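Some notes on the structure that comes next.
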Amino acid sequence: MPEAWWRDAVIYQVYPRSFADGNGDGVGDLAGLRARLPYLAGLGVDALWLNPWYPSPMADGGYDVADYRDVAPEFGTLADAEAFVAEAHAAGLRIILDVVPNHASDRTAWFREALAAGPGSRERARFWFRPGRGDRGAEPPNDWRSIFGGPAWTRVPDGEWYLHLFAPEQPDFNWNSRDVVRDFHDVLRFWYDRGVDGVRIDSAALLVKDPDAEPDGLDPYTDRDGVHEIYRGWRKITDGYPGRMLVGEVWLPDQERFARYLRPDEMHTAFNFDFLNCAWEPHALRKVIETTLATHGPIGAPPTWVLANHDVVRPVTRYGRADTSFDLQDRRLGAHTDRALGVRRARAAALLALALPGSAYIYQGEELGLPEVEDLPDDLRQDPIWHRSGRTDPGRDGCRVPLPWSGDEPPFGFGGDPWLPQPAEWKALTVEAQDADPGSMLALYRTALALRRDHLGDGTLRWRPAPEDVLAFTRETGLTCVVNLGEGPFPLPDGEVLLSSGEPPDGELPPDTAVWLLESTATAFTGGGNA
Ligand code: NOJ
Ligand code: CA
């Protein structure tokens, strides 16, 4: 049986537009990414997840896919994509693609055909077209709101309305249509045939919906029972390609419902958003970790540990605020931030996430400690959330600013003039600057990833007795991770400190600091007292 590599993989998320620009037009692309593969291999990650690279009008950063079997010209060609997959494999990196099954672009061939074919047609049945309510159908079919703000229905010239849970440029597929089911099976095979190792499933809990449903106490479009049949079909296809995996974007507060997506005949893994959302607070973190392990253990699915992605406020910013939790509906941009504190905590959080059993995700720039860019000029913001919220929610552009690679001024080796401007202070955060500094965030991630290969991975943990504001656990290999979330120093047991997120501790772990250590066999972990 091929190796279940995803059970303990560290997966690096590449946001292609902002990673590296090979042709100097200011937008990241495959040429830039291919040139930087040695950086990613050297970082010590196992796989890359790429945000959508398909042709797209970019109404939602590529999550409005116009052709699921091609690559956007601004990123390269299909041949470039195939060469990229081969080169990544040669560098020891697996590739996970983003597949977007909830909605298409309104420029997709099917949606244009649906508009042309008119009411009642098979073409329209691939989407959710409905007559309106009220006088002459001038009101939308129901009162659903778009997740990006505004109504979830848009009217077309012949009077019908179509559903879009996101932007109007993203019409929702109707998964009752066999055409839709079959087409996505074909899309999976298309990319697996090109060597892709896994698929990230966008908005995975939203696919089944019932706009005509009477209110029955169920959410009319989130986590409907019928969604599982879809993933059973996807799993069958995936199982036909040994060594390939599915990872779901499943935002669900209920762990029991979440676990259903990870049954043996559905997805292999799903993102742990409870961990990502969790405040930097010892009780909350311990509870999330325990719940995660208790949810995944019985179904045999590996947990994932996620601190960031292209939709959320960057950790060094979030952890420097008075409220360190994350809420997708309320990004709280502009809240006062103690940057030094945020960096200290983000470093400790990285050691925590990478020590836990299972697989972990790193969002590009997290390894550089990039902050959220909160002062982008309004007229450059592209996130549909910004526009659809009536310019009240600044949206997600601040975590999507192109990476700084080298040099003293923008574009910091990114390529051309970046599509979102980089702050001048990023001079100190370039890969080049951090390469030269053993105390940098980049150095911390590199060392942690190297140590993780020998000491950490899938499995279990044993909690150690410790004061309430200290998290301490030991893994199968004997590595102990201690995180001090309290206000005073915590006395460490004797042993070899392999890595510390802060100043190398001299017997005492300072607040907001984590260590990985191998205890001297003679010494018991006393749990000390955090006075
Ligand atoms: C989740 C993606 O992560 C996000 O970026 C996107 O806007 C929505 N799904 C809609 O596709
Ligand atoms: Ca480019």
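Order of listing sets the numbers, starting from 1, for every ligand and every atom in it. Remember, it's a predicted structure, so these values are computed and weren't measured experimentally. Below, each value reflects all heavy atoms present in this structure, side chains not excepted, and no hydrogens, waters or symmetry copies.
Both tests hold for Arg194 against Phe190: distance to the six-membered ring centre under 6.0 Å, angle to the ring axis within 45°. The side-chain tip of Arg17 points at the ring of Trp419 from less than 6.0 angstrom away and within 45° of straight on. Cation-pi geometry between Arg124 and Phe129 is met: the NZ or CZ atom falls under 6.0 Å from the ring centre, inside 45° of the normal.
Closer than 4.0 angstrom to ligand 1 sit non-hydrogen atoms from Asp60, Tyr63, His103, Phe148, Phe166, Arg200, Asp202, Ser203, Glu249, His310, Asp311, Arg396, Arg400.
Ring pair His103/Phe173: centre-to-centre distance not below 6.0 Å.
The side-chain contact (heavy atoms from CB on, under 4.5 Å) check on Arg112 picks up Arg107, with sequence neighbours excluded. The ring-ring contact (aromatic ring centres under 6.0 Å, His included) search around Trp161 returns none, not counting sequence neighbours.
Between Pro418 and Asp21 the shortest side-chain heavy-atom distance does not fall below 4.5 Å. A heavy-atom distance below 4.5 Å is found between the side chains of Leu376 and Val401.
The aromatic rings of Tyr12 and Phe19 stand perpendicular to each other, their planes meeting at an angle above 60°, with 30° marking the opposite boundary.
For the Ca ion (ligand 2), protein N, O or S atoms closer than 3.0 Å were enumerated as Asp21 OD1, Asn23 OD1, Asp25 OD1, Val27 O, Asp29 OD2, with waters left out.
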